[in-house]
Amino acid sequence: MNRVSIKIVGAQGQGVNSVGEMCAKGLKRRGYCVFGDREYMSLIKGGHSSYQLDISDTQIRSSCSQADAVVSFNHDGIERNLRDLKPGGILLHQTLQWTFKNPEDQKFLEENDIHVLYLPTEEILRKLNAKPILGNVLITSVVWALLSCFKEELQELVREQFGHKKDLLELNFACIEEGWRYRQEHAEDLTIALPEPDERWKHQLLLTGSQAMGLGIISAGCRVFASYPMTPASPLMTYLADVQKESGMVIKQAEDEITAVQMTVGAMHAGTRAATGTSGGGYDLMTETISLCGISETPLVIVLAQRPGPGTGLPTWTAQGDLLMAVHCGHGEFPRLVMSVSDAEDSFALMMEAFNFAEEYQIPVTVLTDKHTAEALYTVFALEQHGAVRRGRLVTDAKGLSALKSTDRYAPTAPDGISARWLPGSNAPTYCAQGYEHAADGSFDESAANAVAQMHKRMQKMVTLKKALPPPEFFLLSDDGVARQSDQCSALDLLLVGWGSTKGAILDAMEEMQNMRIGYLHYTYLWPLRTERLLELAEQSQKTVLIEGNQQGQLGMLLQQECDVQFDQKILMYDGRSPTVDNIVAALRSSFVQ
Amino acid sequence: MNRVSIKIVGAQGQGVNSVGEMCAKGLKRRGYCVFGDREYMSLIKGGHSSYQLDISDTQIRSSCSQADAVVSFNHDGIERNLRDLKPGGILLHQTLQWTFKNPEDQKFLEENDIHVLYLPTEEILRKLNAKPILGNVLITSVVWALLSCFKEELQELVREQFGHKKDLLELNFACIEEGWRYRQEHAEDLTIALPEPDERWKHQLLLTGSQAMGLGIISAGCRVFASYPMTPASPLMTYLADVQKESGMVIKQAEDEITAVQMTVGAMHAGTRAATGTSGGGYDLMTETISLCGISETPLVIVLAQRPGPGTGLPTWTAQGDLLMAVHCGHGEFPRLVMSVSDAEDSFALMMEAFNFAEEYQIPVTVLTDKHTAEALYTVFALEQHGAVRRGRLVTDAKGLSALKSTDRYAPTAPDGISARWLPGSNAPTYCAQGYEHAADGSFDESAANAVAQMHKRMQKMVTLKKALPPPEFFLLSDDGVARQSDQCSALDLLLVGWGSTKGAILDAMEEMQNMRIGYLHYTYLWPLRTERLLELAEQSQKTVLIEGNQQGQLGMLLQQECDVQFDQKILMYDGRSPTVDNIVAALRSSFVQ
Amino acid sequence: MIIPLSANGPAMNDYSSPQTCTWCDGCGNHGIWTAIKRALVELKLAPWQVLLCFDVGCHGNMSDKLAGYRFHGLHGRVIPLAAGAAIANPSVPVIAIGGDGASFSEGIGHLVHSIRSNYNMTFVLHNNANYGLTTGQASALTWQGQKMNTAPFGMPEATLNSMDLVFALNPTFVARGWSGNIKQMTAILAAAIQHKGFAYVDMLQACPTYNKFATHEWLLEHCYDANAEGHDSSDFAVARALAVDTSQRVATGILYQAQGVPHFSERLESRKGRETTPVDEVKQVDVAAFTERFV
Amino acid sequence: MIIPLSANGPAMNDYSSPQTCTWCDGCGNHGIWTAIKRALVELKLAPWQVLLCFDVGCHGNMSDKLAGYRFHGLHGRVIPLAAGAAIANPSVPVIAIGGDGASFSEGIGHLVHSIRSNYNMTFVLHNNANYGLTTGQASALTWQGQKMNTAPFGMPEATLNSMDLVFALNPTFVARGWSGNIKQMTAILAAAIQHKGFAYVDMLQACPTYNKFATHEWLLEHCYDANAEGHDSSDFAVARALAVDTSQRVATGILYQAQGVPHFSERLESRKGRETTPVDEVKQVDVAAFTERFV
Ligand SMILES: Cc1ncc(C[n+]2csc(CCOP(=O)(O)OP(=O)(O)O)c2C)c(N)n1
Ligand SMILES: Cc1ncc(C[n+]2csc(CCOP(=O)(O)OP(=O)(O)O)c2C)c(N)n1
Ligand code: SF4
Ligand code: SF4
Ligand SMILES: [Mg+2]
Ligand SMILES: [Mg+2]
């Protein structure tokens, strides 16, 4: 694996993201697979933040915890992120006359052969008579030069952004020149060595999980999105709001989460596709409505973007701690689907499935994502919609409508538990979508026999759904890297099991562990939970390892409940940080050795 | 077992409850153990309702599904409840010239030798020039006479109620006479045969689970109760509101459930004992606050009175369907206690424990009850408070306060996870009760190391708590009936496992199954879940049976997750009805035979 | 609302249901129920052309006592539920029905924001000034000093002046009826359903079981038809004063109506110029046009 | 509030915290933060004598930037949290601090009901007319037509007139300050904390990062001290008119105060004649007196 990592750090608002995004775009266009990871604090300006780019000619899906270069906007970053550098790495900073107060730091520099470069940004900008914001291009230019990329590529990027403002463009070009000159004068023989670029990346997309999910929502034919701002779900709403004129969607910033989810239910009931998004705290407030949809059999799609809880927790960090909540929340017993995305690609593709399952089974669907997926920058092959719109037993044609009876709505006789659904405004017998226990037409019915019959009807949908769900995906390490494998495989040294955004680091880690028979079983559909494939694979594996981003090993708990699997090891991460390839490798190595 | 069952039925508002309560009180005072069960619909007047009294000289804890007498206020009840009668039973009704439209019903009467008595209530009242409401006393009098009780006992009851209103008292007495005369004239040789009364019941208390819980809350030193009306939690608030002058408690009918729980948290934080109560839908709305208390480490006590869901479900019926929700609701991972009452006695006694655990462990505590427990009428031995107030690491003395540092509040060094707590207004260093992840004094801390340290601190409380919790209670059937057993027992034919209000019917059922070695393991503390005793007992049992009032077997799911027990049979009830002794017996017999 | 006018509209019995009413004798819900059906019939709307959304409360027990597409949702949440439907399908008139407990306590935020959002829908408040279905607790609109369930000494909070609150939010339609006057309620409801925007209809409702203060008799005595007395419903200040002050008489009728204020969906830039409804538009969308900026 | 008067009260630095402020440069939270500390010092309240409750938002980042007992709860829920504490311990002054998003959207029901309940506490609204912490979305108090995060064409809902809403609820104390005038804010807060009942304090707060309309400069130009101009804060109607109309100038100061209205705890029959607080009363209670009626 030829991976290069550059970490740009500084105070929030200083330009960290802007430099990160510019470099990312340029590098992808050059022919690299780029993975970008943002870290920042729960405040608006001044908090420490970072933007790390991992760059490779082959596919990568996660960050490495050690960087080849750290680019720091402020002195704080120099101290904080010094130890993120690999031996021989480059520290590029802009703090005049910096010296390390801590002798340990100085020692670290020397022992690890770190190259320190001071870029006199202020001075250069003053000379050019340019505003501080231009510093971003200057820094990018130095990085670009260190990467031995072409100046023209950077100029092209800048032209795209500022081409319509001539003076600004010229100033930007001047900054690029200065950056180039700085490198020549101060670091001519320093380079951040990239592998050869690979054409195939050039035309791929570079986007965040939230943007990909937004596109998935648009692609799935969703026409209404109602939500209340909450990190890390907000970027999804912001994206959908930004493109609303093109998409024609109704974007409603509701006054609270209950409004958001109720509007979504109302819109779904009326017959459009609608969705809402939130994080854990807002999701709690939606759980009563989820339960309502269980009994009224109204399709519902909720995106739950996880962050570390409980309470307000760590709002701008990542976690996979809400799985059991999503599975068991909401009073009473009712069918539901809980599924999880894991990267930009499936953030796009799975939204269609979420709506399809919601409509086919007339159930609430929770789509889990997390801060890591929502805000990381992925290089993905052109988003292709493999699914098609499936709306299940929705009756819209005149013939079908004319054959309906009110009692078809909740007919408990449906063997798979799924009864006909039709929409207000359809010329057909009417019914009551009922939140109380009800007879087949939605009328009140408090009898014991009916309660049992309707419970069976509804819970039968879980049985049907479980059979219809794709099994967990299996990835196997071979000489060509990691690949999806649908047929059986032979004996394994290590079987990894996980879900959600840890997938990226797990797959990357597997590729670092050539010469081992490692497989990864990835759960996209989490409730109902299919266990056959796991049991088969576990049977053939020397050792099974559960990997999750939570403290309890929540998927493990569910699996134990459903099929009594025992894991030999659990790698559980709950410090709020995105999982990194090298940390997973280290944990797995220890596991293998044990 | 000498059990007599009388079922009073009619439209809501007709007087069913009034007759039921009067009979219950009189019979208890006579020397019987009385168990009363109310059924009614989710509307105010006119819906079909019933009040069944089961009466015995020995202890009973549940209803029987077949009655010795049905007393019907209206013709609807005659038809609906005819088949609840045992062979040879009495049907007392007040509908002029009633004939069964359904020939099957007529046949049922004859085949089962049912005695039909028509009481011309209207006519008698007209004669006495009495208002319709007096009919209640008239009917009670007939029942009383049929039970061969003393007229004076009834007169005494009536005097207690109307003694201060002389004319009314006289009219009541006249009704009693008429009732007596009716029985002499029309049913002289009919009796509902009661066993000999037993002195020991005379001075016991007759009260509902809600009233007992209210007393438990008062007894535990709770001073603030904030709640929003929701069946079947409302009777608890109504009771506490009714006695507020005597108790001096602050009773707040909040504007919604979130307000109720937040006020409770605020009051607990300030240092009093406070609680709230709700049902499933309202609880959903409280879950965000439960999660908050997980991280702020604020003690919290919520009573969750279950009814069948999902959605609005069957608001006036019973269920045990919210266990998994209570265990896993609320975003993020945090310590909590979920426990359940099962009858009036422990509805009283366990509230002290709920507050104690909440304060000792500084965690949210959910106390499960259900419609059955909340509204059933229990005969209980004088309520005795065995527990004492325990407030854990709460520091209130001047010396203790003066030794405190702000960083003691959330010190992650506490080996059991429990750190010192002290109250606003205490002369001591201050801290921030913090809903974000925090350092030891409640300041913000977004570092990875701190996130891990605080998660460990909090989750350690679950470990400590699990060890401190009493194990599940074991009841064993012996020749003297069912009794709690704390030491080991020998081999069993049947081990029953359950929780909550099904206990009553289970224990009663065991007493019907003499000559069998049956034990019942009753889980009061449901999360964290202790499994040692279960595993030991299951080992020694021929057969294990899970009994729950839900569809999934939720306790079973938790047990499977925690200890991989397999049940040979599951008796799962989810029709909304209170569990009855004979239904449990039948299910167990079938289980034993299988 | 786009209300299809057809010569032969439905009859009252097209709205009837096999279920019998379960309200108490003398309950004002009976009258409101009749008026709702009548208004729909008068507007020539067939049951399949409307959506009625119900909150949880005594009023919600109406949900199976009439025909029409219906949704009986959660306590306190009927307004956003109905608003979502109204946004999704502007060609189906949406009527939300809720109680005073639901609307001024549990769900007051929704009421406030729906008025400022001016969703195109009708909201009918069954205002019996108490929590009927949960057996007579005080609501925010219960009169001071009334002994209620859980408030044996009267509620300690002050009664909320609902009309002052509503008018503080710049409503576009405010009416008040009372459960004893079916004819007037019918007229109010017909106007409300035809209003473009959020129509707030306060129906003072007798609840003989738990409301011993604003009884049928009291309402009969105090309510008068302000429109009949010449009230100009286009004057905001006059309407507000009339609505707020109920110390002597209670003004009923259409108290305020603003014409020509765009409703929520009309204010959306994203929907400008679209002829279809969100319900019509569900189909797979090619995202190629959106992905260019990510290359 | 029972405010213990001691000759040697605390000094400003008793309220200081080792944590440094994290607000943006020029953020109005700095000024409000200073005024809060000053008001407490002026009232001679030591940090251990007060409870400050914080909502979630930029303002909530104050929770570790000063001393005092503090509770940083959930978004939108600070008012009932604080009210619960105020009820439980009437001898500790309780101050709730929340944003306009929290108070007029997520938690508007709590605000409405706390005014009618007249809890004995102070509520300080950090009114920056947007959702600061979630990066600049529109709140109900954002001006019409402003381009905000998720509202790139301005919000489709109408701006809510917060003061009209507050006055519709019969408040007992209403004041308005602005983040540039620390002296006036200090005086307002001191009066609010001393008020018996629910004190509503609207602090117009500059948010240079996201609020580009009601900027520090705009506020400086438009705000004036109404009390200095002789406004009589005991006149409800005058106060309301002054508070509601901000089209020309923005009146600040103590706009309205009703004296002698009993607060929530004083209205409770169950607490009449009790000298202790609920916090003092936690002990096991013998229920014998309660069980007689069940025999
Ligand atoms: C979340 C939730 N909380 C509480 C309830 C219980 N509940 C049902 S109806 C009702 C109040 C009814 O009052 P109102 O809205 O005025 O309707 P009314 O019965 O008077 O018509 C309440 C509190 C519920 N169903 N859901
Ligand atoms: C239940 C819930 N929903 C949403 C959020 C996300 N959130 C945090 S602060 C905030 C709004 C902040 O606006 P405001 O209350 O005006 O405070 P400001 O930051 O402007 O001071 C939101 C929506 C949350 N923390 N909890
Ligand atoms: S309780 Fe009141 S509102 Fe409910 S049905 Fe009876 S009279 Fe009507
Ligand atoms: S975003 Fe606004 S309110 Fe928040 S800290 Fe920055 S300036 Fe202050
Ligand atoms: Mg009502
Ligand atoms: Mg704000």
Side-chain angles (χ1 to χ4, degrees), chain B residues 203-207 211 215 218-221 223-224 226 243-252 254-256 258-259 262-274 288-289 292 296 352 382-383 385 388-389 391 423-436 442-444, chain D residues 17-19 22 46-51 53-54 56 61 63-64 67-74 76-77 79-89 91-92 94 107 109-110 112-113 117 264-265 268-271 274 277-291 294-295:
Chain B
H203 304 289
Q204 305 318 335
L205 308 178
L206 192 65
L207 80 185
Q211 291 164 332
L215 291 166
I218 293 170
S219 168
R223 306 306 298 151
V224 175
V243 299
Q244 65 183 282
K245 264 206 142 147
E246 294 91 302
S247 72
M249 278 176 71
V250 176
I251 306 299
K252 169 73 187 178
E255 65 269 17
D256 59 30
I258 299 177
T259 306
Q262 284 281 335
M263 290 187 91
T264 304
V265 172
M268 279 283 218
H269 177 70
T272 191
R273 284 189 161 186
E288 190 193 9
T289 304
L292 169 69
S296 67
M352 178 64 96
L383 298 170
Q385 186 56 268
V389 170
R391 308 194 73 182
L423 308 176
S426 308
N427 192 342
T430 62
Y431 60 85
C432 184
Q434 184 60 273
Y436 280 66
S443 298
F444 298 109
Chain D
S17 146
Q19 311 301 327
T22 52
W48 63 267
Q49 292 174 308
V50 298
L51 176 61
C53 297
F54 295 88
V56 173
N61 285 345
S63 66
D64 70 344
Y69 285 104
R70 289 145 288 146
F71 199 136
H72 192 186
L74 294 176
R77 312 303 173 192
I79 292 178
L81 179 76
I87 288 167
N89 193 349
S91 51
V92 170
V94 177
H110 308 304
V112 166
H113 286 269
S117 297
F264 180 78
S265 295
L268 296 174
E269 280 298 318
S270 69
R271 303 292 304 170
R274 301 210 174 230
T277 73
V279 166
D280 303 330
E281 296 161 2
V282 177
K283 59 168 198 305
Q284 188 177 323
V285 172
D286 181 359
V287 295
F290 296 86
T291 52
F294 299 117
V295 179

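In what follows, chains are A, B, ... by sequence order, proteins preceding strands, each numbered from 1.
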B:S247 portion near chain D, given a 4.5 angstrom heavy-atom threshold: both
Option in B:G248, B:G221, B:A220 with maximal non-hydrogen atom pairs under 4.5 Å from chain D: B:G248
Largest heavy-atom contact set with chain D, pairs under 4.5 Å, which of B:R391, B:R273, B:Q434: B:Q434
Contacting region of D:I87 [heavy-atom separation from chain B under 4.5 Å]: side chain
Between B:A254, B:A428, B:G271, B:G266, the one whose heavy-atom pairs under 4.5 Å with chain D are most numerous: B:G266
Among D:S270, D:C53, D:A289, residue most engaged with chain B (heavy-atom pairs, under 4.5 Å): D:S270
Side chain, backbone, both or neither of D:E269 within contact of chain B (heavy atoms, under 4.5 Å): both
Max heavy-atom pair count under 4.5 Å with chain D, selected residue of B:L206, B:V389, B:T289, B:T264: B:L206
Chi angles and distances behind the side chain to side chain contact (heavy atoms under 4.5 Å, CB included) call for D:L51, B:H269: CA-CA 10 Å; D:L51 176 61; B:H269 177 70; 3.9 Å; yes
Residue among D:G68, D:S265, D:A288, D:A83 with most heavy-atom pairs under 4.5 Å to chain B: D:G68
Gap separating the CG atom of B:L205 from the OG1 atom of D:T291, nearest 0.5 angstrom: 5.5 Å
Residues B:T259, D:H113; criterion side chain to side chain contact (heavy atoms under 4.5 Å, CB included); working and verdict: CA-CA 10 Å; B:T259 306; D:H113 286 269; over 6 Å; no
Chain D contact via B:A226 - which portion, at a heavy-atom distance below 4.5 Å: neither
Most chain B-contacting option - heavy-atom pairs closer than 4.5 Å, from D:P80, D:A88, D:G73: D:P80
Part of D:N61 lying under 4.5 Å from any heavy atom of chain B: both
Leading residue by heavy atom contact count with chain B [cutoff under 4.5 Å; candidates D:V287, D:V295, D:I79, D:V112]: D:V295
Gap separating the OG1 atom of B:T430 from the OH atom of D:Y69, nearest 0.5 angstrom: 6.5 Å
Salt bridge (charged side-chain N to carboxylate O under 4.0 Å, His left out) involving B:E246 - partner list, sequence neighbours excluded: none
Selection from B:A270, B:P424, B:G435, B:A267 maximising heavy-atom pairs under 4.5 Å formed with chain D: B:P424
Closest non-hydrogen atom pair between B:A388 and D:Q284, with its separation: CA-OE1, 3.6 Å
Residue part contacting chain D, namely of B:M268, when any heavy atom lies under 4.5 Å: neither
D:F54 versus chain B, the contacting section by heavy-atom distance below 4.5 Å: neither
Interchain contact, D:A67 with chain B, by part (heavy-atom threshold 4.5 Å): both
Toward chain D, the part of B:S296 with a non-hydrogen atom under 4.5 Å: side chain
D:R271, part contacting chain B, at a heavy-atom distance under 4.5 Å: side chain
Spatial distance of atom OH (B:Y436) from atom CG (D:D64) [nearest 0.5 Å]: 10.5 Å
Atom pair CZ/CD of B:R223 and D:E281 - distance to nearest 0.5 Å: 4.5 Å
Interatomic distance, D:F294 atom CZ to B:L383 atom CG [nearest 0.5 angstrom]: 9.0 Å
From CD (B:E255) to OG (D:S117), nearest 0.5 Å: 6.5 Å
Side chain / backbone / both / neither for B:V224 at chain D, heavy atoms under 4.5 Å: side chain
Over all atoms of both residues, closest heavy-atom pair of D:P278 and B:T272: O-OG1, 2.7 Å
Most contacts with chain D, counted as non-hydrogen pairs under 4.5 angstrom, among B:M249, B:M352, B:H203, B:Q244: B:Q244
